[in-house]
Amino acid sequence: MKLVTIIGARPQIIKAAALSRAIKNHYADRIQEVIVHTGQHYDDNMSQVFFDELGIPSPDYNLHVGSASHGVQTARMTEGIEALLIKEHPDFIVLYGDTNSTLAGAVAAAKIHVPIVHIEAGLRSFNKSMPEEINRIVCDHCSTLLFTPTKAGLENLKREGFPIDESGPSTGSGSATIDHPKVYHCGDIMYDNSLHFANIAEEKTDIIQRLELKDKPFILATIHRDSNTDHPERLSAIFRALIRLSEQCQVVLPLHPRTSKLLKTNLDESLQTQIFNNTKIKLIPPVSFLEMIALERHAQLVMTDSGGVQKEAYFFKKPCIILRPETEWVEIVETGNAILADADETRIIQAWQHFKDNPPTVFPEIFGDGHAAEFILEKMLEPSM
Ligand code: UD1
Ligand code: UDP
């Protein structure tokens with residue numbers, strides 16, 4: 001069986017590591033994987049570092065599309081992916097999540113009848129002003145095999161008319177097609193990675209010592225959503241909250257390049273001075289995945305607008321303040337381990353106080369068993385496929 005895997009943005013490279021590792025360890029004699037990097041992320045610390053660190057094979061192709069507006073970026077990727085699908089003629093294209101690289105892969109593949117496997121299917125924010133919501137809906141509705149990480153994902157697909165068999169994890173009968181897709185609830189592929197790399201991260205990184213965080217409580221924060229970075233009033237509210245929190249606790253903030261660029265234009269000078277001259281706020285470049293895991297494991301609390309980082313906070317049993325009005329990962333809020341504070345200074349401070357007074361202790365298993373990758377590959381290999 002031949003797969004073409006599309007990656008492009010940082011979290012997709014990380015997710016793909018779990019599938020590539022499972023192929024290498026258990027299916028090398030049966031599955032050939034061709035990796036296509038769209039080039040959506042291209043800085044070394046947004047891309048190459050993950051190949052070096054996570055043992056992912058180098059991409060067979062890199063489309064080098066770089067940054068551009070949504071339409072231009074997606075169009076360039078679609079053109080490149082279509083040509084490669086025609087050349088490689090795979091049995092499946094594998095798409096992760098909800099980025100423009102996902103959308104481009106879906107459009108290119110569906111039109112030339114290459115079956116799509118969508119990993120992280122079914123997630124919805126019910127907020128179509130997010131580019132990711134458009135991308136994930138289009139991808140789900142062009143897919144042949146849909147793998148949802150959570151029960152909420154399964155429910156969302158059911159509501160949209162996908163056939164869900166209540167009696168078991170797999171649905172439908174006979175061969176799956178784009179018009180008769182199959183949906184599986186498989187657990188979260190990022191959880192596979194967090195379990196696999198947790199101890200390795202402790203051994204192989206020294207970020208906790210380097211940042212002088214040993215035995216010191218700290219808040220780990222990340223911010224990169226366009227809905228926060230591109231709106232001065234929202235970005236300012238988040239940073240005002242961080243400045244107030246830094247009076248009580250060290251803050252560590254690995255900055256996505258989008259955010260680094262916009263801090264200087266979207267925050268006023270006084271706020272910039274309070275941030276850049278504040279030793280209790282460590283602004284650092286994006287870190288590697290192993291470093292990120294080490295930071296997550298040692299942090300007292302996580303504050304983020306990232307999908308992946310929300311989940312990893314949960315995997316490592318840390319409370320999380322979500323800097324968005326809603327989340328696709330509703331279970332982590334429902335279990336009381338995350339609070340939606342949006343970009344609202346007061347709500348962020350209240351959420352911090354809540355978790356200080358009531359540190360969460362119960363984190364039910366809602367993300368599967370850490371073997372999502374093997375499950376996905378087994379389903380793809382089933383004879384009816
Ligand atoms: C993208 C995804 C988002 C995902 C995020 C993960 C879309 C629509 N968005 O957002 O869903 O959560 O990746 O990180 O696909 N830049 C660099 N160097 C890089 C990459 C980006 O400087 O290596 C800067 C550029 O100024 C670029 C900006 O970051 O314009 C945004 O990059 P882009 O890939 O368009 O979107 P992200 O915000 O990264
Ligand atoms: N991550 C990382 N270094 C960083 C910030 C994040 O390795 O400096 C990892 C993080 O551990 C998670 C993934 O990147 O696995 C999340 O990606 P991101 O926040 O960029 O995007 P999202 O998940 O929101 O799409």
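Note that ligands are numbered from 1 as they come in the structure, with each ligand's atoms numbered from 1 the same way. Both backbone and side-chain heavy atoms feed into the values below; hydrogens, waters and symmetry mates do not.
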Say whether [X], considering both its backbone and side-chain N or O atoms, lies within less than 3.5 Å of an N or O atom on ligand 1.
{"X": "Thr99", "result": "no"}
{"X": "Ser101", "result": "no"}
{"X": "Gln40", "result": "yes"}
{"X": "Asn100", "result": "yes"}
{"X": "Tyr42", "result": "yes"}

[X] heavy atoms, cut-off 4.0 Å: which ligand 2 atoms fall inside?
{"X": "Ser288", "result": "7 (O)"}
{"X": "Pro286", "result": "8 (O)"}
{"X": "Glu296", "result": "11 (O)"}

So for Arg258 against ligand 1, with non-hydrogen atoms under 4.0 Å, the contacting part is both

Heavy atoms only, cut-off 4.0 Å: how does Pro11 contact ligand 1, side chain, backbone, both, or neither?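 The part of Pro11 near ligand 1 is the side chain, not the backbone.
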
Decide yes or no on side-chain contact (heavy atoms from CB on, under 4.5 Å) for Val34 and Lys2, but give the supporting numbers first. CA-CA 8 Å; Val34 176; Lys2 185 174 185 180; 3.8 Å; yes

Cationic N near anionic O, under 4.0 Å, [X] to [Y]:
{"X": "Glu132", "Y": "Lys128", "answer": "no"}
{"X": "Arg297", "Y": "Glu202", "answer": "yes"}
{"X": "Arg244", "Y": "Glu345", "answer": "yes"}
{"X": "Glu120", "Y": "Arg136", "answer": "no"}
{"X": "Asp342", "Y": "Arg234", "answer": "yes"}

Compute the shortest N/O to N/O distance between [X] and ligand 2 and return yes if it is under 3.5 Å, no if not.
{"X": "Asp305", "result": "no"}
{"X": "Thr222", "result": "no"}
{"X": "Glu312", "result": "yes"}

Got the closest protein heavy atom to [atom], with its distance?
{"atom": "atom 4 (C) of ligand 2", "result": "Arg10 NH1, 3.2 Å"}
{"atom": "atom 20 (C) of ligand 1", "result": "His41 CD2, 3.4 Å"}
{"atom": "atom 35 (O) of ligand 1", "result": "Gln73 NE2, 4.0 Å"}
{"atom": "atom 22 (O) of ligand 1", "result": "Lys261 NZ, 2.6 Å"}
{"atom": "atom 11 (O) of ligand 1", "result": "Glu132 OE2, 2.6 Å"}
{"atom": "atom 23 (O) of ligand 2", "result": "Gly308 N, 2.8 Å"}
{"atom": "atom 18 (N) of ligand 1", "result": "Asp43 OD2, 2.9 Å"}
{"atom": "atom 1 (N) of ligand 2", "result": "Met292 CG, 3.8 Å"}
{"atom": "atom 9 (C) of ligand 2", "result": "Ile14 CD1, 3.6 Å"}
{"atom": "atom 16 (C) of ligand 2", "result": "Ser306 OG, 3.8 Å"}

Could you check Ile35 against Ser20 for side-chain contact (heavy atoms from CB on, under 4.5 Å), going step by step and ending with a plain yes or no? CA-CA 9 Å; Ile35 299 180; Ser20 297; 4.0 Å; yes

Check whether [X] reaches the backbone of [Y] with its side chain - one donor and one acceptor, N or O, closer than 3.5 Å.
{"X": "Gln250", "Y": "Lys280", "result": "yes"}
{"X": "Asp192", "Y": "Ala18", "result": "no"}
{"X": "Asp369", "Y": "His371", "result": "yes"}
{"X": "Asp140", "Y": "Gly122", "result": "yes"}

Atoms in ligand 1 with a heavy atom of [X] nearer than 4.0 Å:
{"X": "His224", "result": "4 (C), 5 (C), 6 (C), 12 (O)"}
{"X": "Ala9", "result": "13 (O)"}
{"X": "Ser67", "result": "25 (C), 27 (C), 30 (O)"}
{"X": "His70", "result": "8 (C)"}
{"X": "Met46", "result": "23 (O)"}

Are His141 and His118 close enough that their ring centres sit under 6.0 Å apart? no

Can you check side-chain contact (heavy atoms from CB on, under 4.5 Å) on Ile332 and Ile366, steps first, answer last? CA-CA 9 Å; Ile332 67 174; Ile366 50 180; 4.2 Å; yes

Under 3.5 Å, is there a donor-acceptor pair between the [X] and [Y] side chains?
{"X": "Gln12", "Y": "Thr99", "answer": "yes"}
{"X": "Asn228", "Y": "Arg324", "answer": "no"}
{"X": "Thr205", "Y": "Glu291", "answer": "no"}

At the 4.0 Å heavy-atom cut-off, does [X] count as touching ligand 2?
{"X": "Arg225", "answer": "yes"}
{"X": "Met190", "answer": "yes"}
{"X": "Val287", "answer": "yes"}

Separation of Asp188 CG from Thr150 OG1 (nearest 0.5 Å):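 Spacing of OG1 (Thr150) from CG (Asp188) equals 8.0 Å.
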
I want to confirm something. Looking only at heavy atoms, which of [options] is nearest to [atom]?
{"atom": "atom 7 (O) of ligand 2", "options": "Phe315, Tyr96, Phe50", "result": "Phe50"}
{"atom": "atom 17 (O) of ligand 2", "options": "Pro11, Pro254, Gly97, Gly307", "result": "Pro11"}
{"atom": "atom 37 (P) of ligand 1", "options": "His256, Arg10, Gln12", "result": "His256"}

Qualifying residues under side chain to side chain donor-acceptor pair (under 3.5 Å), relative to Glu296, sequence neighbours excluded: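 In terms of side chain to side chain donor-acceptor pair (under 3.5 Å), with neighbours along the sequence ignored, Glu296 is linked to no residue.
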
Please enumerate all residues that pass side chain to side chain donor-acceptor pair (under 3.5 Å) together with Asn100, with sequence neighbours excluded. His70, Gln73, Asn135

For the pair Tyr27 and Glu378, evaluate side-chain hydrogen bond (donor to acceptor under 3.5 Å, both in side chains) and give the outcome as yes or no after the intermediate values. CA-CA 9 Å; Tyr27 301 90; Glu378 284 296 329; 2.7 Å; yes

Is the contact between Glu291 and ligand 2 made by the side chain, the backbone, both, or neither, using heavy atoms and a 4.0 Å cut-off?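 Glu291 to ligand 2: no contact under 4.0 Å from either part.
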
